[in-house]
Structure formats: C-alpha cells, structure tokens
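These numbers come from a predicted model, not from an experiment.
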Amino acid sequence: MSERPQPYEYCVLRFVPHVERGECYNVGVVLICRARRFLSAYIVFDEPKLRAFAPHLTEDQRDALRDALELIPRICAGESDAGPIARLTFGERWHWVAAPASTMLQPGPVHTGLCSDPEQVLARIYAEQVE
C-alpha cells in the first residue's frame, strides 16, 4: 500500500540579468512538502550559457551569482554554517527562498501539487523546467 499523497509547493529560480527587461532563464527549483518535512533545491550554474545570455556581467558578478546559487540548497537543508537564513525554521527558510525579489536571481511564482515522493517530484520538475 502506497503512502497517501501530500501537498507540496515549488518555485523555479530564474536568472534575470536586466530586471527592467524581464528576460530570464531557469537556474533551479526549490520544493517544500511540509507533511514530509522536505525542503530541497536543485540548481545549475551554466557559465557558458550565462556568458552568452549576459556578456556584460563581470567576473565578480558571475562569481556572486554562482555563490548565491550554491548557497540555496544549503539554506534549504538548514546547514548551520550556511549563514543566518539557514538557521531559521523550516517554513521560514522556504518563505525566504521563495519570496519575490528584484535582483538578478529571482524565484518565480509558487505552484502546488500532491505527491508521495517529493524528491522524485523535485527531480522531475527540475528536468522539465531547467535542464
């Protein structure tokens, strides 16, 4: 007998080099399933794609974007050495990562669904929306 499906929420993370123009491409997915105490993120930093999409970025800006992306899964996992946001409660970490932002790294709208295996759903959404 399989487990009863539980609600989940997810958002796609987007790289937006010119906030005022709204052009973007997807760089990750964050998913929460509260009933399973699951909060995780899959991200990608594709430097060749980044250079083609935003050739105006300096090396420091590219490094900052990579560092921010690499930090998100650690924040989701609540790793204490990932900074003060990672030490927030489970729900607060989700809200911080999914909150609208006016920066080059932005979460998209939050979507919902039901699942029995949140890790599998995260992998599927990542494959569909990012890869």
Trainee: I'd like to check the ring pair (Phe, Tyr, Trp, His ring centres under 6.0 Å) partners of Phe38; sequence neighbours left out, ordered by chain and number.
Mentor: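 Checked Phe38 against ring pair (Phe, Tyr, Trp, His ring centres under 6.0 Å); zero matches.
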Trainee: If you compare all heavy atoms of Val30 against all heavy atoms of Val97, which two are closest, and at what distance to 0.1 Å?
Mentor: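 Residues Val30 and Val97, closest heavy atoms: CG2-CG1, 3.5 Å.
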Trainee: Looking only at atom types and distance, does a side-chain atom of Arg74 sit under 3.5 Å from a main-chain N or O of Glu79, one as donor and one as acceptor?
Mentor: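 No, the answer is negative, given that no donor and acceptor are paired below the 3.5 Å cut-off.
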Trainee: Whether the side chain of Glu70 engages the backbone of Asp67 through a donor-acceptor N/O pair (distance < 3.5 Å, no angle test) should be reported.
Mentor: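 No.
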Trainee: What do the steps show when you test Val29 against Val130 for side chain to side chain contact (heavy atoms under 4.5 Å, CB included), and what is the final call?
Mentor: CA-CA 8 Å; Val29 177; Val130 180; 3.8 Å; yes
Trainee: Do the non-hydrogen side-chain atoms of Tyr42 and Gln129 ever get within less than 4.5 Å of each other?
Mentor: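 Side-chain contact under 4.5 Å: no.
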Trainee: With sequence neighbours excluded, give me every side chain to side chain donor-acceptor pair (under 3.5 Å) pair touching residues 10-19.
Mentor: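 Every pair satisfying side chain to side chain donor-acceptor pair (under 3.5 Å) with a residue in residues 10-19: there are none.
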Trainee: Grab the two heavy atoms, one from Leu122 and one from Ala41, that are nearest each other, plus how far apart they are.
Mentor: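 Shortest heavy-atom contact: CD2-N, 4.1 Å.
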Trainee: For Ala101, what residues pass the side chain to side chain contact (heavy atoms under 4.5 Å, CB included) criterion, not counting sequence neighbours?
Mentor: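 Result, side chain to side chain contact (heavy atoms under 4.5 Å, CB included) vs Ala101: Thr103, Pro107.
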Trainee: Who pairs with Glu9 by salt bridge (Lys or Arg N to Asp or Glu O under 4.0 Å), at least two apart in sequence or on another chain?
Mentor: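 With sequence neighbours excluded, Glu9 shows a salt bridge (Lys or Arg N to Asp or Glu O under 4.0 Å) to Arg34, given in chain and number order.
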Trainee: Drop me the distance from Leu31's CG to Cys115's SG, to the nearest 0.5 angstrom.
Mentor: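 If I round to the nearest 0.5 Å, the distance is 6.5 Å.
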Trainee: Should side-chain heavy atoms under 4.5 Å link Ile, Leu, Val, Met, Phe, Trp and Tyr, which residues sit in the same cluster as Leu114?
Mentor: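 Answer for Leu114: none, a lone residue.
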Trainee: Does Arg21 have any salt bridge (Lys or Arg N to Asp or Glu O under 4.0 Å) partners at least two apart in sequence or in another chain, and if so, which?
Mentor: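 Salt bridge (Lys or Arg N to Asp or Glu O under 4.0 Å) list for Arg21, sorted by chain: Glu23.
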Trainee: Taking ring pair (Phe, Tyr, Trp, His ring centres under 6.0 Å) as the definition, give me every residue that meets it alongside Tyr25, ordered by chain and number, with sequence neighbours left out.
Mentor: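 Once residues adjacent in sequence are excluded, the partners of Tyr25 under the ring pair (Phe, Tyr, Trp, His ring centres under 6.0 Å) criterion are Phe15, Phe53.
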Trainee: Enumerate the ring pair (Phe, Tyr, Trp, His ring centres under 6.0 Å) contacts for residues 57-85, please, sequence neighbours excluded, ordered by first and then second residue.
Mentor: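 Every pair satisfying ring pair (Phe, Tyr, Trp, His ring centres under 6.0 Å) with a residue in residues 57-85: there are none.
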Trainee: What residues, two or more places apart in sequence or in another chain, satisfy ring pair (Phe, Tyr, Trp, His ring centres under 6.0 Å) together with His95?
Mentor: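 His95: no ring pair (Phe, Tyr, Trp, His ring centres under 6.0 Å) contacts found.
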Trainee: So does Glu131 have more than 12 non-hydrogen atoms from other groups sitting under 6.0 Å from CD?
Mentor: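 Above 12, so yes.
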Trainee: Can you name the residues that form a salt bridge (Lys or Arg N to Asp or Glu O under 4.0 Å) with Asp63, not counting sequence neighbours?
Mentor: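 So Asp63 forms a salt bridge (Lys or Arg N to Asp or Glu O under 4.0 Å) with Arg66.
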Trainee: Enumerate the residue pairs fulfilling side chain to side chain donor-acceptor pair (under 3.5 Å) with a member in residues 105-115, sequence neighbours excluded, ordered by first and then second residue.
Mentor: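 Applying side chain to side chain donor-acceptor pair (under 3.5 Å) to every pair that reaches into residues 105-115, excluding sequence neighbours, yields nothing.
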Trainee: Ion pair present between Arg36 and Asp117, side-chain N to carboxylate O less than 4.0 angstrom?
Mentor: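 Salt bridge between Arg36 and Asp117, a charged N being under 4.0 Å from a carboxylate O: no.
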Trainee: Could I get the full list of ring pair (Phe, Tyr, Trp, His ring centres under 6.0 Å) partners for Tyr8, not counting sequence neighbours?
Mentor: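 Tyr8 satisfies ring pair (Phe, Tyr, Trp, His ring centres under 6.0 Å) with no residue once adjacent residues are dropped.
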